[in-house]
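FYI, side chains are in, hydrogens and waters are out, and symmetry mates aren't considered; it's all heavy atoms of this structure.
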Amino acid sequence: MNKSVAIPQILERLDGRRPRLERADQVAFLVDAAAYFDALRTSLLTARRIVWIIGWDFDPGIKLRPDLEAEPTLGTVLRRLVEQNEELHVKILIWAMGPIYSSRSGELYVHHPWADHPRISLKFDIRHPLRASHHQKIVVIDRSIAFSGGIDLTAGRWDTSEHHVTADLRRTPGGERYGPVHDVQIAVSGGAARALAEIAESRWVAAGENSGEAPADTIDRGTWPKQLPVALVDCKVAIARTQGGILLRRGRREAVRLTLQLIRSARKSLYIETQYLASWRVARAIKDRLDEPFGPDVVILVTKSSRGIVEQYVMAHQRNRILRWLGGANGPRLRVVYRMKSDDGNANKEVLVHSKVIVVDDNAVRIGSSNLNNRSEGLDTECDVVVFAENDEHRRAIAAFRDGLLAEHLETDRVELGQALRECKTLVGTVDHFAAITGSLRTYDELNDGGAPILGTKLFDPSRPFRPFGWLLRRIFGKN
């Protein structure tokens with residue numbers, strides 16, 4: 001196995017603010033929302049003092065276990081929790097525009113019986129730079145267990161790892177069907193959970209609210225749910241944020257800087273899942289590695305199709321420009337692929353990739369809310385969690401996580417995947433081997449749109465907040 005990533009060296013090379021480095025007592029990788037929602041459902045039962053829910057969007061009408069006929073809605077679950085425990089508070093903070101962008105109009109802004117309780121607080125975040133969004137997806141229970149990643153507690157997220165073309169359980173609260181969707185969340189305990197609790201509380205305070213949390217006797221160490229499988233124990237975790245600056249408040253660009261360092265640290269392989277591939281900073285870092293004679297293999301899983309929203313059209317065009325610049329999706333050590341799924345008697349359907357994952361060899365895993373686009377680098381509010389391997393047991397767990405993702409997308413099992421990895425010796429060769437058999441992963445063979453940037457790129461995917469006199473402020477007070 002590869003030697004561990006030199007954690008101090010990676011962090012020392014970062015300019016500006018460094019990510020917070022903590023220890024996690026336990027770490028779990030939750031692949032796809034069915035696994036995450038089930039783990040969250042169990043974990044909520046352990047809540048004793050406070051539950052923080054921080055998200056881009058929130059829908060109290062979803063069910064964490066839609067496969068159970070008598071399963072109550074999420075709003076009902078939260079209401080029952082506070083009614084059964086007079087010391088429990090539930091605090092929910094979402095981006096003020098999230099419900100509109102998720103096509104639910106003003107439904108969440110009106111009064112709801114489930115939230116009509118003095119210890120349930122639902123707030124909307126409006127204190128962010130112009131054109132920015134609050135994009136973190138964090139749930140913290142007391143200070144003992146925290147979830148972070150790409151999955152909001154909202155409609156259109158739930159799916160199993162089978163990603164069937166048609167699935168009766170895959171419906172919005174209004175009964176509308178939606179297509180297969182892939183995503184990843186991470187669960188941590190210990191110091192990492194306490195750090196994420198501080199981020200959640202700081203977001204609440206920044207939105208103009210008092211924390212209202214019991215300071216001295218908040219539960220730091222709770223019971224890790226038995227149903228939540230532990231992948232790693234006692235490991236180092238970096239927590240990196242993005243936050244756009246407002247007026248004289250300095251922004252944070254920890255996430256993209258750490259992402260670039262992770263790309264530069266890879267020895268044999270980089271495995272990436274991202275909804276968008278639109279960042280030229282990331283593209284240049286990948287190109288530098290591909291230009292090395294003995295650099296790592298790079299496999300990138302993205303979403304191909306536009307969902308009809310202008311921003312996503314801009315992202316798709318930018319992705320195609322980047323692929324041309326990289327020399328196409330099928331370089332000697334590069335595969336940029338999208339996921340197709342077909343069931344018996346059903347036509348092929350693309351799987352929406354909503355995850356934001358980077359696996360560096362078997363040494364590090366980044367799971368977060370940051371896409372590989374400009375907004376996530378300096379405008380939107382993001383949170384990424386990076387787990388570092390410190391011993392062989394950690395490395396085996398990270399490799400198993402990556403192989404599990406690949407096995408899911410290549411429609412094989414881990415045993416066959418492991419055999420192919422040994423025989424093909426490279427990540428790209430292994431992907432090609434199974435893709436030729438199953439056809440589940442496909443590369444971008446046609447890039448038809450022009451290579452020039454289109455109107456609106458900087459408007460919908462800016463890398464920093466719009467500040468009319470930003471150049472003067474940066475000159476006086478330093479870079480944002």
Side-chain angles (χ1 to χ4, degrees), residues 5 7 9-21 56 128-129 131-138 148-150 184 186 199 237-246 249-266 270-290 298 300 302 311 314-315 318-319 321-322 325-326 354-360 364-388 457-458 460-467 470 474 478-480:
V5 174
I7 303 170
Q9 188 177 13
I10 286 178
L11 297 182
E12 285 171 5
R13 290 175 179 172
L14 297 174
D15 55 341
R17 299 187 187 184
R18 297 177 184 173
R20 180 168 176 172
L21 191 63
W56 180 85
H128 48 72
R131 298 181 297 171
S133 73
H134 170 67
H135 201 239
Q136 295 171 337
K137 300 95 164 53
I138 301 171
S148 185
V184 178
I186 190 171
I199 290 175
V237 171
I239 300 172
R241 283 178 285 173
T242 303
Q243 187 171 325
I246 301 179
R249 187 189 75 185
R250 186 183 179 188
R252 292 178 179 271
R253 291 175 174 263
E254 302 162 359
V256 65
R257 288 166 179 158
L258 183 52
T259 292
L260 295 174
Q261 290 298 335
L262 290 172
I263 292 172
R264 292 163 186 156
S265 72
L270 273 169
Y271 175 75
I272 298 173
E273 295 185 355
T274 180
Q275 186 177 6
Y276 306 124
L277 179 60
S279 165
W280 284 96
R281 295 183 70 184
V282 171
R284 283 191 288 270
I286 292 173
K287 182 70 159 55
D288 288 343
R289 302 311 314 275
L290 294 173
V298 181
I300 307 175
V302 299
E311 293 94 323
V314 170
M315 302 296 182
Q318 193 82 307
R319 176 201 63 219
R321 293 181 65 214
I322 285 174
W325 183 72
L326 290 174
H354 195 263
S355 50
K356 302 92 170 63
V357 173
I358 299 177
V359 185
V360 182
V365 174
R366 191 210 79 168
I367 297 173
S369 66
S370 298
N371 286 299
L372 300 185
N373 60 353
N374 296 324
R375 301 183 60 94
S376 292
E377 295 180 0
L379 180 65
D380 293 340
T381 305
E382 308 279 10
C383 181
D384 298 340
V385 177
V386 180
V387 178
F388 295 99
T457 298
K458 290 187 177 181
F460 292 104
D461 191 25
S463 61
R464 62 175 65 248
F466 175 70
R467 302 163 77 179
R474 288 193 295 273
K479 287 188 175 182
N480 175 22

Kindly write out the residues that satisfy side-chain contact (heavy atoms from CB on, under 4.5 Å) with Arg281, not counting sequence neighbours, or none if the list is empty. Arg253, Val256, Leu260, Ser279, Arg284, Glu377
Is there a side-chain contact between [X] and [Y], using heavy atoms and a 4.5 Å cut-off?
X      : Y      : value
Gln275 : Met315 : no
Tyr276 : Arg319 : no
Trp280 : Arg321 : yes
Ile367 : Val385 : no
Ile286 : Ile272 : yes
Cys383 : Ile138 : yes
Arg366 : Leu258 : no

For [X], side chain to side chain donor-acceptor pair (under 3.5 Å) partners two or more places apart:
X      : result
Asn371 : Lys356
Ser370 : Asp384
Thr242 : none
Arg20  : Glu22, Glu198

Measuring from [X]:[atom1] to [Y]:[atom2], what's the distance to the nearest 0.5 Å?
X      : Y      : atom1 : atom2 : value
Ile300 : Leu270 : CD1   : CG    : 8.5 Å
Leu277 : Leu326 : CG    : CG    : 7.5 Å
Thr259 : Leu372 : OG1   : CG    : 7.0 Å

May I ask you to check whether Ser369 and Glu382 show a side-chain donor-acceptor distance below 3.5 Å? yes
Over all atoms of both residues, closest heavy-atom pair of Trp325 and Ala283: CZ3-O, 3.5 Å
Do you know the tightest heavy-atom contact between Glu273 and Ser355? OE1-OG, 2.7 Å
Consider side chain to side chain contact (heavy atoms under 4.5 Å, CB included). Of Asn374, Asn373, Leu379, which one does Ser376 pass it with? Asn373
Does Arg241 use its side chain to pair, donor to acceptor, with the backbone of Arg252 at less than 3.5 Å? no
Side chain Gln136, main chain Thr381, donor-acceptor under 3.5 Å: no
Run the side chain to side chain contact (heavy atoms under 4.5 Å, CB included) test on Phe388 and Val360 for me, step by step, so that the C-alpha distance in whole Å, both residues' side-chain angles and the decisive distance to 0.1 Å come before the verdict. CA-CA 10 Å; Phe388 295 99; Val360 182; over 6 Å; no
